[in-house]
Amino acid sequence: MMEKEFFEESADRVAPELLGSLIVRKTGQETVKGKIVEIEAYLGKEDPGSHAFNGKTDRNKLMFDTYGKIYVYLCYGLHHMFNVTAGIESTGAVLVRAVEPVEGLEKIKENRNVQDFYSLTDGPGKLTEAFEIDRSFNGENVSEGDLRIEKGETVEEVKKSGRIGISRGKERELRFYIPGNRFVSS
DNA sequence: CACGCGATTCGCT
DNA sequence: GCGAATCGCGTGT
């Protein structure tokens, strides 16, 4: 169980700590689990790459709420992005970019329409499809409910780089991943 | 109220 | 490697 207080530190400190943790998704009878192997930090209103940079809007208002809340939004009209808000008053969030399947592999394969094993959950839009995550989770506490994060194994080595896919704020190294893991994107 | 585009993915040229 | 898919948000008229 990941306590809400875990997310009160700023996103750039929370993100690397979450590597190795488990996303736990309960769908009716089944439970699907995945180990977080890649994650990015967005630092809120101080961060040009963040949705919160230009102030509070209808979409990002959750980031101005409190830490430890699920924030999901639709990207390119097709893909859901799974975030958790982080930091006291910092309007930050972490974006889960890739997981390694741990439990419920059959369900994951059923939800994803690809053959290659390593393409099942190696991207932010892929893992939300695999884990049936959409905007209905918005505002829920990540430490309870049908979608939560649980403490997993301790990761021995963490690498970092610039964030992927954004146009502003690329220079800062706010992407963290487990080197060598096959599910890390690109 | 119209318009441009994005924290992406997949299939095909 | 390139481009289409697809839609809600944010901005400006």
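Quick note on labels: first sequence line is chain A, next is B, and so on, each numbered from 1. As the structure is a prediction and not an experimental result, all values here were calculated from the model. Heavy-atom basis, side chains included; hydrogens, waters and symmetry copies ignored.
- Enclosure of atom CG in A:Asn113 is not indicated, since only 12 or fewer non-hydrogen atoms of other residues, nucleotides or ligands lie within 6.0 angstrom.
- When the nearest nucleotides of DNA chain B are assigned to A:Glu129 and A:Gly165 by heavy-atom distance, the more 5′-ward of the two goes with A:Gly165.
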*Can you run through DNA chain C from 5' to 3' and write each base as (, ), [, ], | or . depending on how it pairs? Watson-Crick or G-U wobble, both distances under 3.5 Å.*
|||||.||||||.
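- The same atom, P, is picked in C:dG3 and in B:dC5; the two are 16 Å apart, to the nearest Å.
- A cation-pi arrangement is present between A:Arg182 and A:Tyr118, with the terminal nitrogen or guanidinium carbon under 6.0 Å from the aromatic centre and inside a 45° cone about the axis.
- Cation-pi geometry between A:Lys4 and A:Tyr67 is satisfied (NZ or CZ under 6.0 Å from the ring centre, within 45° of the ring normal).
- When only modelled atom types and interatomic distance are considered, A:Thr121 and A:Glu100 share no side-chain donor-acceptor pair under 3.5 Å.
- Connection of A:Phe53 to A:Met81 is not established within any shared hydrophobic cluster, with ILVMFWY side chains joined at heavy-atom distances below 4.5 Å, either directly or through further cluster members.
- The stretch residues 88-111 of chain A touches DNA chain B through A:Leu95, A:Arg97, each having a heavy atom under 4.0 angstrom from the strand.
- Salt-bridge formation is not detected for the pair A:Asp12/A:Lys160: no Lys NZ or Arg NE/NH1/NH2 atom is positioned less than 4.0 Å from an Asp or Glu carboxylate oxygen.
- Within the cation-pi definition used here (under 6.0 Å to the ring centroid, within 45° of the axis), A:Arg97 does not qualify as a partner of A:Phe176.
- The environment of CD in A:Glu5 is crowded: more than 12 heavy-atom neighbours from other residues, nucleotides or ligands sit within 6.0 Å.
- The number of heavy-atom neighbours closer than 6.0 Å to CZ of A:Arg112, taken from other residues, nucleotides and ligands shown, is above 12.
- The pair A:Lys61-A:Asp65 does not meet the salt-bridge criterion, since no charged nitrogen lies less than 4.0 angstrom from a carboxylate oxygen.
- Remark: nothing in residues 169-177 of chain A comes within less than 4.0 Å of DNA chain B through any heavy atom.
- Among A:Glu132, A:Glu106, A:Lys126, the one residue that satisfies the side-chain hydrogen bond (donor to acceptor under 3.5 Å, both in side chains) test with A:Asn111 is A:Glu132.
- A cation-pi contact, defined as under 6.0 Å to the ring centre and within 45° of the axis, links A:Arg175 to A:Tyr177.
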*Under 4.0 Å protein heavy-atom contacts per nucleotide of nucleotides 1-13 of chain C, with B for base, S for backbone only and - for none*: ----BBBSSSS--
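- Between the side chain of A:Glu38 and the main chain of A:Ser185, a donor-acceptor pair closer than 3.5 Å is present.
- Centroid-to-centroid, the aromatic rings of A:Phe183 and A:Phe117 come within less than 6.0 Å.
- For A:Lys45, the NZ atom sits in a packed shell: over 12 heavy atoms of surrounding residues, nucleotides or ligands are nearer than 6.0 Å.
- Applying a 4.0 Å cut-off to non-hydrogen atoms, the residues of residues 37-47 of chain A that approach DNA chain B are A:Tyr42, listed by residue number.
- Chain A approaches DNA chain B within less than 4.0 angstrom (heavy atoms of the protein), and the contacting nucleotides run 5' to 3' from B:dG6 to B:dC10.
- Side-chain atoms of A:Asp47 and A:Ser50 include no donor-acceptor pair closer than 3.5 Å.
- In the displayed structure, A:Glu89 atom CD is contacted under 6.0 Å by at most 12 heavy atoms of other residues, nucleotides or ligands.
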